[in-house]
Amino acid sequence: MMIINQHISIDHKVKQGEGNIVSDMGDEKVMLSINNGKYYNLGEMGGEIWDLMKEPLEVKQVVNSLLASFQVERKECEEQVVAFLNHLFDEGLVEIVKESI
């Protein structure tokens, strides 16, 4: 399986994008993007990932945090987190944090 146009990798640092309104709906989070006017249901694990990104965080730290909370294999967790973050990135909802050298 080849992933094309992947922007975010396990080694990137990411953070929440600006201009999103997030609400809790039971165990899940829903978000309204002010920039594009779309609603997103982040689900339970997606909501957890979103909360972790309040401050800039490496993708591998997100994975480590999820592994502590959910019963999932590391490889599968990494693939799912990277795919989820790339979807959010494509929608303009998360940002890649550039390291200042």
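Note that this is a predicted model, so its numbers are computed, not measured. Atom set for the values below is all heavy atoms of this structure, side chains included, hydrogens, waters and symmetry mates excluded.
Atoms CG and CD, on D27 and E44 in that order, are 5.5 Å from each other to the nearest 0.5 Å. With rounding to the nearest 0.5 angstrom, the CG atom of D51 is 7.0 Å from the CD atom of Q16. Note: E48 CD to S65 OG = 6.0 Å, rounded to the nearest 0.5 Å.
Across H7 and I96, no two heavy atoms sit closer than the pair O-CD1, 3.6 Å. Residues S9 and V59 approach most closely at O-CG2, 3.4 Å, considering heavy atoms. For the residue pair K29 and N41, the shortest heavy atom distance occurs at O-OD1, 3.4 Å. Residues C77 and L67 share a closest heavy-atom pair of CB-CD2, 4.0 Å.
Under 4.0 Å is where a charged nitrogen must lie from a carboxylate oxygen, and between E55 and K15 no such pair does.
Using a 4.5 Å heavy-atom threshold, the side chains of V30 and Y39 count as separate. Looking only at side-chain heavy atoms (C-beta outward), E95 and V14 stay at 4.5 Å or farther from each other. Considering only heavy atoms from C-beta on, K38 comes within 4.5 Å of E91 through its side chain. Residues L42 and E28 are not in side-chain contact: their nearest non-hydrogen atoms beyond the backbone lie 4.5 Å or more apart. Side-chain contact between M31 and I21 is absent, with no heavy atoms from C-beta onward closer than 4.5 Å.
No donor-acceptor pair under 3.5 Å is formed between the side chain of D24 and the backbone N or O of G26. Listed for the E76 side chain is no donor-acceptor partner under 3.5 Å among the backbone atoms of E73.
A side-chain contact (heavy atoms from CB on, under 4.5 Å) with F84 is found for exactly one of N86, L88, V82, namely L88.
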- Task: May I have the step-by-step check of side-chain contact (heavy atoms from CB on, under 4.5 Å) for L85 and I49, ending in yes or no?
- Result: CA-CA 9 Å; L85 290 175; I49 293 169; 3.9 Å; yes

- Task: Dump the intermediate steps for side-chain contact (heavy atoms from CB on, under 4.5 Å) on V72 and L66, then the final yes or no.
- Result: CA-CA 8 Å; V72 63; L66 293 175; 5.6 Å; no

- Message: Assess the residue pair V94 and W50 against the criterion (side-chain contact (heavy atoms from CB on, under 4.5 Å)); give the C-alpha distance rounded to whole Å, side-chain angles, the decisive distance to 0.1 Å, and a yes or no.
- Response: CA-CA 9 Å; V94 298; W50 183 258; 4.0 Å; yes

- Query: What's the verdict on side-chain contact (heavy atoms from CB on, under 4.5 Å) for N64 and R74, showing C-alpha distance, side-chain angles and the deciding distance?
  - Reply: CA-CA 8 Å; N64 288 338; R74 176 174 292 278; 3.0 Å; yes

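L57 and V97 fall into different hydrophobic clusters, where Ile, Leu, Val, Met, Phe, Trp and Tyr side chains are chained together by heavy-atom contacts under 4.5 Å.
Using cut-offs of 30° and 60° for the angle between ring planes, the H87 and Y40 rings count as perpendicular.
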